[in-house]
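By convention here, the first residue in the shown sequence is residue 1. Just so you know, these numbers come straight off a predicted model, no measurement behind them.
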Amino acid sequence: MKSINKITRYILLAAVSVSAFSCKKDFNEVNTDPIGKSTVTASQLLAPALVNVLSANMVRNRNFNNELMQVTVDISDAEGKVFRYDVRRTWADYTWNAWYLELTNLRDIYTIANKPESLNSSYKGISLITQAWVFQLLTDVYGDVPYTQANQGKEGVYEPAFDKQKDIYLDLFSKLEEANKLLTEGKSIVPSSDPIYQGDISKWRRFGNSLYLRLLLRLSGKAEVSAQVISKIKEIADTNKTGYPIMENNTHTAKILWNGTNSSTAVYSSPFMINVRAVDFRTPAITDFFLSNLAIWGDPRVNTTYGVNGVSRFGIAPGPAGLIGVPSGYDTGTAITKQSYFYSDAQSAGVTLQTDPYTGIIMNCAEVDFILAEAAAKGWISGTGESYYLKGIADAVNYWLPTRFTSAADPALASYVVAADINWNNALPLDNTTTNAPSKMQLIHLQKYYAMFLVDFQQWIEYRRTGHPFIPKGTGLANGGRMPSRLNYPLVTQSTNPTSYKNAVAAQGADDINTLVWWQKP
């Protein structure tokens, strides 16, 4: 390998030498930026980075998370089907490359905003929050990853070391603490540079602290840090609410509204339109697990009464037998009739998720509600969890159908949960992970599963943490019927960063989909 690298360097040096002799004339003129800009501002980097990360998340949510977590099923007997847990190594490259590429820009925002001539505490805080968001995805999907030395190619670090997940999480906590303090200053930013909150710094602060709660809850089961984590959850949710404002309603949800509907100066196109053909968008069937619950509950999100032009808000097309799904994990060679599926833009004049501006969710208020419901049910914060649980259902529905339920105390919500048989029961046991018996955690996490519809890998990550919701296991599953615990490292990492890769595997375990990440381990 060293010999090959030396040969490559010689070839590159030769190419540079030839170029130097052949391009002397008008060299400076030819290599001058025609736009005339030699520097970039924090405001110019933010929107493209956020749009690109979110676009990658939505693509993989659709064709990976949704298949694993039984939202959709790709009707096929071919090998390498994610819904059968037959996850090939090539799945690892796309998000790794997309996330690390944009982390360079997100980090540069902090560097630029920290310079005396462009000092801006809000851009620094936003940079820290968005870095925490992307690094959380990286470490939860892959485990130990380059962190401290990542994105330092300009400084000559070409083979960054892999940090341990515990160390990454603890440093992300520090980043979010710093962001909360920086955003307290309320320094204004360019509204058009911000595709999420249009310059509303107070909402960025709420997002940062809500993300903090997500990360804290994820580590709450690790004995070595649980006391520290639970204490911080209580501080944010109970004892110091003014010091740590969080999302309280859907106006605080972190999202990018596609098709320019959230900005008068920029148009952001949904990756479902750019990267997915209409025929491909409607190809996967919706699973029986995902759809039957909604249908049994009479959920407003699949009720055509609350949709547009006879199409439900989730844009679901009925199959030959009506509004039903198909089983996931079925055996190869089984005759499966495709039933309900998501309309594509070419099919319907009503609502379709392919063109829906509201699909660009980064983190929503309902997730925060269910985090608090779990914390309350476990006795970490005040309350039983019921009020947070009901508010989570209301906020999840209201994101798609604004004002469907006025509050957690709305009589219409009470009637809905009773009729659907999903009302809170304080007599239930806290948890039951061995059978599909009712428990408070099953109630919370089943609703959280639907609240996190379309949100990157969060359904899968939360399932790995909690074992909820209970999803049926078909007899055709590969991988011994085990839900994958991570994605493997990209193949290119093995060749371009071999020493750090080997050290990571030695520390974390075999580089395969069944190796548990740190917070999953007992």
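Thr72 and Asn66 share no side-chain donor-acceptor pair at under 3.5 Å. A side-chain N or O of Glu374 and one of His445 form a donor-acceptor pair less than 3.5 Å apart. No donor-acceptor contact under 3.5 angstrom links the side chains of Lys255 and Asn364, judged on distance only. In summary, the side chains of Tyr244 and Glu177 do present a donor paired with an acceptor at a separation below 3.5 Å, with no hydrogens or angles considered. Under 3.5 Å, the side chains of Trp380 and Asp238 contain no donor-acceptor pair of N or O atoms. Between the side chains of Arg282 and Gln354, no donor-acceptor pair of N or O atoms lies under 3.5 Å. Side-chain polar atoms of Asp140 and Trp519 form a donor-acceptor pair below 3.5 angstrom. Side-chain contact check for Ser127 and Gln131: at least one donor-acceptor pair (N or O, by modelled atom type) lies under 3.5 Å. Side-chain N/O atoms of Tyr306 and Arg404 include a donor and acceptor closer than 3.5 Å. Side chain to side chain, Gln44 and Thr41 meet the donor-acceptor criterion of an N or O pair below 3.5 Å. At a cut-off of 3.5 Å, with distance as the only test, no side-chain donor of Tyr450 or Asp299 sits close to an acceptor on the other residue. Using a 3.5 Å distance cut-off with no hydrogens or angles, the side chains of Arg60 and Asn65 do not pair a donor with an acceptor.
Rounding to the nearest 0.5 Å gives a distance of 7.0 Å between OG of Ser328 and CD of Glu67. Put simply, CG on Leu68 and CG on Asn61 are 11.0 Å apart, with the number rounded to the nearest 0.5 Å. For the atom pair CD1 of Ile112 and CG of Leu119, the computed distance is 13.0 Å after rounding to the nearest 0.5 Å. For the atom pair Arg206 CZ and Leu211 CG, the distance stands at 15.5 Å (nearest 0.5 Å). To the nearest 0.5 angstrom, Thr130 atom OG1 is 10.5 Å from Phe135 atom CZ. Taking CG of Leu46 as the reference point, atom OG of Ser192 lies at 10.5 Å (rounded to 0.5 Å).
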Q.
What verdict does the side chain to side chain contact (heavy atoms under 4.5 Å, CB included) test give for Met483 and Tyr463, after you've listed the backbone C-alpha separation in whole Å, the side-chain angles of each residue and the deciding distance to 0.1 Å?
A. CA-CA 9 Å; Met483 172 67 75; Tyr463 179 85; 3.9 Å; yes

Q: Step by step, work out the ring pair (Phe, Tyr, Trp, His ring centres under 6.0 Å) result for Phe470 and Phe289.
A: CA-CA 10 Å; Phe470 291 114; Phe289 174 78; 9.9 Å; no

(Q) Using side chain to side chain contact (heavy atoms under 4.5 Å, CB included), reason through Val517 and Thr139 one step at a time and then give a plain yes or no. (A) CA-CA 8 Å; Val517 302; Thr139 190; over 6 Å; no

(Q) Run Gln508 and Lys164 through side chain to side chain contact (heavy atoms under 4.5 Å, CB included) and show every step you take. (A) CA-CA 8 Å; Gln508 179 169 266; Lys164 295 185 182 301; over 6 Å; no

Q: Evaluate side chain to side chain donor-acceptor pair (under 3.5 Å) for Tyr147 paired with Asp171, printing each intermediate quantity in order.
A: CA-CA 10 Å; Tyr147 179 75; Asp171 193 67; 2.5 Å; yes

Q.
Pair Asn63, Trp91 - check side chain to side chain contact (heavy atoms under 4.5 Å, CB included), show working.
A. CA-CA 10 Å; Asn63 57 23; Trp91 280 100; 3.5 Å; yes

Q.
Checking Asp194 against Trp204 for the side chain to side chain donor-acceptor pair (under 3.5 Å) test, could you report, in this order, the C-alpha distance in whole Å, the side-chain angles of both residues, the deciding distance, and whether it holds?
A. CA-CA 10 Å; Asp194 175 9; Trp204 270 104; 2.8 Å; yes

**Q.** Worked verdict on Gln165 versus Asp144 for side chain to side chain donor-acceptor pair (under 3.5 Å)
**A.** CA-CA 5 Å; Gln165 186 177 70; Asp144 297 350; over 6 Å; no

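Using a 4.5 Å heavy-atom cutoff, the side chains of Met69 and Trp460 are in contact. Tyr212 has its side chain out of reach of Leu172: every pair of non-hydrogen atoms, C-beta onward, lies at least 4.5 Å apart. Contact check for Asn209 versus Pro245: side-chain heavy atoms found under the 4.5 Å cut-off. Side chains of Lys203 and Gln198 form no contact here, defined as non-hydrogen atoms less than 4.5 Å apart. Looking at heavy atoms from C-beta onward, Ile236 lies in side-chain contact with Ile246 at the 4.5 angstrom threshold. Using a 4.5 Å cut-off on side-chain heavy atoms (C-beta onward), Lys234 and Thr239 make contact. Side chains of Phe281 and Thr352 form no contact here, defined as non-hydrogen atoms less than 4.5 Å apart. Looking at Leu183 and Ile129, their side chains come closer than 4.5 Å, going by heavy atoms from C-beta outward.
Ring orientation note: the planes of Phe173 and Tyr169 are nearly perpendicular, at an angle over 60° on the 30°/60° scale. Using cut-offs of 30° and 60° on the angle between ring planes, the pair Phe290 and Phe314 is parallel. Between Trp400 and Phe453, the angle of the ring planes lies from 30° to 60°, which puts this pair in the tilted group.
Here the closest non-hydrogen pair linking Leu446 and Pro469 is CD1-CB, 3.7 Å. The nearest pair of heavy atoms linking Gly125 to Leu182 is N-CD1, 3.8 Å. In terms of heavy atoms, Ser122 sits closest to Gly186 at OG-C, 4.0 Å. A pairwise comparison of heavy atoms in Ser55 and Pro271 identifies CA-CG, 3.7 Å as the closest pair.
Ring pair Phe405/Tyr416: centre-to-centre distance below 6.0 Å. Here the two rings, on Tyr110 and Tyr123, have centers that are 6.0 Å apart or farther. Ring centroids of Tyr268 and Trp258 are separated by 6.0 Å or more, keeping the two rings apart.
With sequence neighbours left out, Val311 forms a side-chain contact (heavy atoms from CB on, under 4.5 Å) with Tyr343, Ser348. Residues passing the side-chain contact (heavy atoms from CB on, under 4.5 Å) test with Lys181, sequence neighbours excluded: none.
With respect to Asp431, the side chain to side chain donor-acceptor pair (under 3.5 Å) criterion is satisfied by exactly one of Lys378, His468, Gln442, Lys440: His468. Put simply, the residue from Asp369, Thr384, Ile422, Val417 that forms a side-chain contact (heavy atoms from CB on, under 4.5 Å) with Tyr389 is Ile422.
The pair Arg465-Glu462 meets the salt-bridge criterion, since a charged nitrogen lies less than 4.0 angstrom from a carboxylate oxygen. By the 4.0 Å N-to-carboxylate-O rule, Lys166 lies close enough to Glu224 to be salt-bridged with it. A salt bridge does not link Lys448 to Glu367: none of the charged nitrogens lies less than 4.0 Å from a carboxylate oxygen.
Atom NZ of Lys187 has 12 or fewer neighbouring heavy atoms from other residues, nucleotides or ligands inside a 6.0 Å radius.
Within the structure, every pair that satisfies the ring-ring contact (aromatic ring centres under 6.0 Å, His included) test and touches residues 356-377, not counting sequence neighbours, is listed here: Tyr358-Tyr399.
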